[in-house]
Structure formats: structure tokens, C-alpha cells
Amino acid sequence: MTRYIQLFGLIIGIVAVNVLAFSPGFAGLGFGESAFQTALSVTLLFGSVLALFYGSYTLLFKQPVVLPVRQIETHEDYVEALSFYRRIKILEEDITLGLSQLNRMKKKKETLMNVLHQRFDPGELSFKKFASVTEEVEKLLYLNIRSILNRLNVFDEADYASMMKAKSPAIPQKLFQEKTKVYNDYLTYVKDSLHTNEEILLKLDQLLLEISRLDSFEAGDIEQMSCMQEIDQLIKHTKLYRQ
């Protein structure tokens, strides 16, 4: 959808330039009045057609270049890198879920930080503890997405599709089963990582609810909050699993 919007904007821009160029009230270009004016008019029209064809090709047909995982730093980088793999049919729903998780994480963090600023002074220990665990949870979600991207980067969609369509494998049955297991491991890993991300997002919701419920509490009570303990266990378990 974004590509079609960009193409529509390109067309509108080209039309606007030509209207201004050939309108008598503006540049007043035309044909026949002088050789220079005619040449300029032909050049503008040719350039407009070329820009339209090149822009259409770039937006509609040219394959985007995947962003190397090591270069991913910002939220926008993660969205761009993950969006590239929407073309993999078997993983289309998973990629859509991953993109949803990235957007939800961003919104939940913003909401949580706004609540913390309303409830505490940034210099307070309570603020720092809640902000710190929020940052850790965000890093964990991005770590899961990064791990997914590493797997997707080496996932051979064409080979997988060919293997699934084959009525009788062209390779020995044992090798076919081993290849099937490898691909199933890829898919399982992606789904498990997304499941963990859903847990992360749920814990943030629970943390936000607990903070909003409490009228007052001491910094020392934070570690005793059930949600904080669950988040701490989730962080430790996931980091250990990723090692």
C-alpha cells in the first residue's frame, strides 16, 4: 500500500510540474515559438516520461535490498528489515505479528515512561528502577527480533517450497527427513521467539496496571512486586536460552 501511495505522489508531482511549465501564467513553455523553447519543452516531456517509468519500476517491481542485521540499530531499522521478509508466504503471518510487536513495544514503552514521569521524579530511585526494567524488556524484545532476522537471512524459501511440493523426494528419504527437520527448526524458532515477545508485552501491561493501582510505595517494595519478579525471571530465562 505504501508503494502505491508513493507512486500516486510521484504522478501528482510530475503532472504539477508540467502544468506549471506549460501554463501561460507561469513558465509558458510550448512548441513552435522558438527552437530553444521547443527543445526545452521536448526535454521536459521526455524527462517526465522517463521519471514516471523509472519511478514506477523502482516502486512496483524492483526488489528491496535487505538491511544487514549488524547495521540494525533503530526501531525503524527493525521494521524495515523485518518487512523485507513478508514475501515469504509460509511466514507471512509471523512477520506481520513481529511487526505488530515492534509497534506495540514502542507504544507501551512511551505510555509507561509517561506514567513514570507523572508518578515520580526522574531522580527518584523508584523511577530509575522501573525505567531500567522497561529498557531491559525492550532490549529483550529487540534481541528476539534480531535472532529471528538472523534465521530468516539464511532461510531458503525456494528450496523449502520445492521440497514441500515434491510428491516423491529426489533425494534419499533419510536426507529428505533431515532437511525437513532443519526447516521445521527454523519455523519453530521464529514462532517460539514471537511467543516470548508476546509474554514480554503482556508483562509490560501487567506492570503498567500494578503501577497505576498503587497509591504509594517505597523503592524497596519494587522488587517484591509480583510483576517485577516475573519480568526478572523472564529476562534471566531468555538470556540464558539465547546463550
Side-chain angles (χ1 to χ4, degrees), residues 1-10 56-113 134-165 179-209 230-231 234-235 237-239 241-242:
M1 182 61 70
T2 301
R3 292 187 177 189
Y4 290 106
I5 294 175
Q6 291 174 337
L7 179 59
F8 180 73
L10 174 65
S56 300
Y57 166 74
T58 301
L59 292 172
L60 300 180
F61 302 107
K62 188 176 181 180
Q63 289 294 330
V65 179
V66 61
L67 186 67
V69 176
R70 66 178 182 278
Q71 295 181 14
I72 297 176
E73 296 179 357
T74 66
H75 172 84
E76 288 71 24
D77 289 341
Y78 278 99
V79 171
E80 179 185 349
L82 196 57
S83 296
F84 176 83
Y85 294 102
R86 267 181 165 164
R87 59 185 175 78
I88 302 179
K89 294 298 181 181
I90 189 66
L91 289 168
E92 188 174 358
E93 291 185 3
D94 295 317
I95 302 304
T96 299
L97 176 59
L99 291 170
S100 169
Q101 291 175 344
L102 287 171
N103 290 328
R104 282 184 283 153
M105 180 71 241
K106 184 179 180 180
K107 291 178 181 178
K108 290 182 191 300
K109 182 185 177 184
E110 290 173 353
T111 301
L112 224 162
M113 295 306 295
T134 302
E135 292 288 341
E136 284 294 312
V137 168
E138 181 188 39
K139 289 178 182 177
L140 191 58
L141 185 138
Y142 282 124
L143 175 64
N144 287 334
I145 296 295
R146 182 179 288 269
S147 297
I148 290 173
L149 289 171
N150 281 326
R151 266 66 179 184
L152 294 177
N153 191 41
V154 294
F155 184 86
D156 191 334
E157 180 190 10
D159 184 53
Y160 176 79
S162 175
M163 185 179 68
M164 291 295 101
K165 289 180 181 179
K179 284 187 66 175
T180 302
K181 182 180 183 305
V182 169
Y183 280 116
N184 286 339
D185 287 344
Y186 276 121
L187 301 178
T188 300
Y189 185 91
V190 170
K191 293 182 182 299
D192 286 346
S193 297
L194 293 174
H195 176 75
T196 301
N197 282 352
E198 286 298 323
E199 286 189 70
I200 290 171
L201 294 167
L202 176 60
K203 298 306 178 187
L204 279 183
D205 283 334
Q206 292 173 342
L207 177 61
L208 187 59
L209 181 61
E230 290 175 7
I231 289 175
L234 180 62
I235 292 173
H237 172 77
T238 308
K239 284 186 174 181
Y241 173 70
R242 296 295 179 200

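Just so you know, residue 1 is the first one in the sequence shown, and it goes up from there. Note that this is a predicted model, so its numbers are computed, not measured.
We find that E230 and K203 are joined by a salt bridge, their nearest charged nitrogen and carboxylate oxygen being less than 4.0 Å apart. The pair D159-K179 counts as a salt bridge, with a side-chain nitrogen and a carboxylate oxygen less than 4.0 angstrom apart. Using a 4.0 Å cut-off between charged nitrogen and carboxylate oxygen, R86 and E93 do not count as a salt-bridge pair.
Taking both residues in full, the closest heavy atoms of L194 and D94 are given as CD1-O, 3.4 Å, listed atom of the first, atom of the second, then distance. Summarising the geometry of I72 relative to A81, their closest heavy-atom pair is CD1-CB, 3.5 Å, with the distance given to 0.1 Å. Counting all heavy atoms, side chain and backbone alike, V137 lies closest to I231 at CG2-CG2, 3.5 Å. Considering every non-hydrogen atom in both N144 and S193, the closest pair reads ND2-O, 4.1 Å. Here the closest non-hydrogen pair linking L102 and H75 is O-CE1, 3.1 Å. For the pair L99 and S83, the tightest heavy-atom approach, listed with the atom from each and the gap, is CD2-OG, 3.5 Å.
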Check your understanding: What's the verdict on side-chain contact (heavy atoms from CB on, under 4.5 Å) for L201 and L141, showing C-alpha distance, side-chain angles and the deciding distance?
Key -> CA-CA 9 Å; L201 294 167; L141 185 138; 4.1 Å; yes
**Study point:** side-chain contact (heavy atoms from CB on, under 4.5 Å) between N153 and Y85, worked out
**Key:** CA-CA 9 Å; N153 191 41; Y85 294 102; 3.5 Å; yes
**Study point:** Verdict with reasoning, L202 to E198, per side-chain contact (heavy atoms from CB on, under 4.5 Å)
**Key:** CA-CA 6 Å; L202 176 60; E198 286 298 323; over 6 Å; no
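Atom CG in L143 sits 10.5 Å away from atom CD in E136 (nearest 0.5 Å). Once rounded to the nearest 0.5 Å, the distance linking CD1 of I148 with CG of L91 reads 9.5 Å. With rounding to the nearest 0.5 Å, the separation of CD1 in I145 from CG in N197 is 5.0 Å. Annotation: the span from R87 atom CZ to E92 atom CD amounts to 12.0 Å, rounded to 0.5 Å.
Side-chain atoms of T111 come within 3.5 Å of backbone atoms of K107 as a donor-acceptor pair (strictly under, hydrogens ignored). With N150 contributing its side chain and S147 its backbone, the two residues share no donor-acceptor pair below 3.5 Å.
Under the 4.5 Å side-chain criterion, counting only non-hydrogen atoms from C-beta, I95 is not in contact with I88. You'll find the side chain of L152 reaches within 4.5 Å of the side chain of L82, heavy atoms only. Contact of the T74 side chain with the V79 side chain is not registered, since no non-hydrogen atoms from C-beta on lie closer than 4.5 Å. A 4.5 Å side-chain heavy-atom check between Y78 and R146 finds at least one atom pair inside the cut-off.
Figure legend: R151 and Y186 shown without cation-pi pairing, the cationic atom not lying both under 6.0 angstrom from the six-membered ring centre and within 45 degrees of its axis.
Judged as a ring-ring contact (aromatic ring centres under 6.0 Å, His included), and not counting sequence neighbours, the contacts of Y183 are F155, Y160. Residues forming a side-chain contact (heavy atoms from CB on, under 4.5 Å) with L112 (at least two apart in sequence, or on another chain): L116, T134, L204, L207, L208, I211. Remark: E135 engages K109 in a salt bridge (charged side-chain N to carboxylate O under 4.0 Å, His left out) (not counting sequence neighbours).
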